[in-house]
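In what follows, a structure is listed as structure tokens, so that the remarks can point back to it.
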Amino acid sequence: MASPAHTFREVVYELVASIPYGRVMTYGDIASLAGHPHAARQVGGLAHFGPTELPWHRVVNRHGQCASGYHGGKAGHQAVLETEGIVVKNFQIVDFDSRRWRP
DNA sequence: CGTGTGACGCGAG
DNA sequence: CCTCGCGCCACAC
């Protein structure tokens with residue numbers, strides 16, 4: 001196709017939408033799967049401009065902590081994660097390594 | 001077409 | 001262990 005049917009941002013949207021319930025991914029992993037291992041920053045940028053329908057709450061930083069710009073704040077982010085059955089302590093996901101989704 | 005920016009990542013001290 | 005700073009990429013203006 002002349003124009004990329006799936007731009008970086010579309011790939012990110014698909015990846016985020018593909019995150020199963022109760023699982024989380026890091027911005028770096030999403031960026032890497034999207035084909036740009038160093039575009040983790042951009043993933044966060046797309047999150048802010050991207051559709052709020054997507055489960056952005058399942059996306060956290062490499063430390064497994066809640067993001068600061070989430071719609072509702074870290075507290076809102078943490079609350080949603082706990083709603084998914086994820087145990088969160090002080091904005092940090094407990095047993096993050098096991099909660100991390102690995103395709 | 002050039003500049004600035006960010007819901008980040010990683011190395012070094 | 002913690003803190004600091006730079007780099008990095010695509011998107012918005």
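Throughout, protein chains are lettered first and strands after them, A, B, ... in sequence-line order, and every chain is numbered starting at 1. As the structure is a prediction and not an experimental result, all values here were calculated from the model. Scope of the values below: all heavy atoms of this structure, side chains included, with no hydrogens, waters or symmetry mates.
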Supply the members, apart from A:W101, of the Ile/Leu/Val/Met/Phe/Trp/Tyr cluster built from side-chain contacts under 4.5 Å; use none for a lone residue.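 So far as hydrophobic clustering goes, A:W101 is joined with A:F8, A:V11, A:V12, A:Y13, A:L15, A:V16, A:I19, A:M25, A:Y27, A:I30, A:L33, A:V43, A:L46, A:L54, A:W56, A:V59.
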
In whole angstrom, what separates A:F8's CZ from C:dA10's P?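 It is 7 Å, rounded to the nearest whole Å.
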
note: A:Y27, atom OH; C:dA10, atom P; distance rounded to Å ~ 19 Å

If you compare all heavy atoms of A:A31 against all heavy atoms of A:A39, which two are closest, and at what distance to 0.1 Å? CB-C, 3.7 Å

Nearest heavy-atom pair of A:A67 and A:K74: which atoms, and what distance? O-CG, 3.4 Å

Cluster overlap A:F96 with A:L81, hydrophobic side-chain contacts below 4.5 Å: yes

Please list, chain by chain and in numerical order, all residues satisfying side-chain hydrogen bond (donor to acceptor under 3.5 Å, both in side chains) with A:N90, sequence neighbours excluded. none

All side-chain hydrogen bond (donor to acceptor under 3.5 Å, both in side chains) counterparts of A:E84, not counting sequence neighbours: A:H57, A:R58

Which nucleotide span of DNA chain B, 5' end to 3' end, has atoms closer than 4.0 Å to non-hydrogen atoms of chain A? B:dG6 to B:dC10

Check for a donor-acceptor pair, side chain of A:R23 on one end and backbone N or O of A:R102 on the other, with a separation under 3.5 Å. no

Is the backbone of A:F91 close enough, under 3.5 Å, to the side chain of A:Q78 for a donor and an acceptor to pair up by distance?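 Yes: the side chain of A:Q78 pairs with the backbone of A:F91.
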
Could you measure the distance from the CD1 atom of A:I86 to the OG atom of A:S98? Nearest 0.5 Å is fine.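 A:I86 CD1 to A:S98 OG: 12.0 Å, rounded to 0.5 Å.
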
Listed nucleotide nearest any side-chain atom of A:H38, set C:dA10, C:dA12, C:dC8: C:dC8

Would you say the side chains of A:D29 and A:S32 form a donor-acceptor pair under 3.5 Å? no

May I ask you to list the residues of residues 40-48 of chain A, by number, that have any heavy atom positioned under 4.0 Å from an atom of DNA chain C?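 Hits under 4.0 Å, by residue number: A:R41, A:Q42, A:L46.
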
Relative to the 5' end of DNA chain B, which residue comes earlier, A:R62 or A:H57, by the nucleotide with the nearest heavy atom?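 In this pair, the answer is A:H57.
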
Residues from residues 69-91 of chain A lying under 4.0 Å of DNA chain B - heavy atoms: A:G69, A:Y70

